[in-house]
Amino acid sequence: MPITAAAPNSGLPHWPAPEVLHVVAQDAESLQNGLDDAVQQLRAAAVAGDRRGILITRRSRSLFTVEASRDVPYGTTLENDRWHRETAPS
């Protein structure tokens, strides 16, 4: 279960670790393990006083992002689905 990091705002002094982790999974077990690992990485990298929660966003069937977000209350993990599925013709 690959976890890759992207740091679009890596210049922020209060959050030295990457702000967004990407999780790519091929099955339910690797997905759960990858998401758990990514959340733990973000929590471990947080500095004292950081009051952001965790936002997990589904981007496709197998791609998820995990990020520290000011829009999520501290101590909370929220899930968001941004996967644009194509609808089958009726």
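As a basis for the values below, the full set of heavy atoms in this structure was taken, side chains included, without hydrogen atoms, waters or symmetry mates.
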Quick one: do the Asp27 and Ser30 side chains pair a donor with an acceptor below 3.5 Å?
yes

Separation between CG of Leu35 and CD of Glu79, rounded to the nearest 0.5 Å
8.0 Å

Heavy-atom nearest pair, Tyr74 first then Arg52, reads CD1-O, 3.8 Å

Just checking, any donor-acceptor pair under 3.5 angstrom between side chains of Gln40 and Asp36?
no

Decide yes or no for Phe64 and Thr57: does some side-chain heavy atom of the first lie under 4.5 Å from some side-chain heavy atom of the second?
no

Please find the pair of heavy atoms, one from Ser69 and one from Leu55, that lie closest to each other, and give the distance.
CB-CB, 4.1 Å

Nearest heavy-atom contact between Ala68 and Leu42 is N-CD1, 3.8 Å

Just how far is it from atom CZ of Arg70 to atom CG of Asp50, taken to the nearest 0.5 Å?
6.5 Å

Just how far is it from atom CG of Leu78 to atom CG of Asp71, taken to the nearest 0.5 Å?
9.5 Å

Quick one: are Thr77 and Arg43 in side-chain contact, heavy atoms under 4.5 Å?
yes

Could you go through Thr76 and Ile54, starting from their C-alpha distance and side-chain angles, then the distance that decides it, and tell me whether this counts as side-chain contact (heavy atoms from CB on, under 4.5 Å)?
CA-CA 6 Å; Thr76 303; Ile54 302 291; over 6 Å; no

Please check: side-chain N/O of Arg85 versus main-chain N/O of Trp83, any donor-acceptor pairing under 3.5 Å?
yes

Do the side chains of Val72 and Val66 join up, straight or via other hydrophobic residues, at under 4.5 Å, putting them in one cluster?
no

Distance check, rounded to the nearest 0.5 Å: Gln41 atom CD versus Leu21 atom CG?
5.5 Å

Is a side-chain donor or acceptor of Arg58 paired with a backbone partner of Arg61 at a separation under 3.5 angstrom?
yes

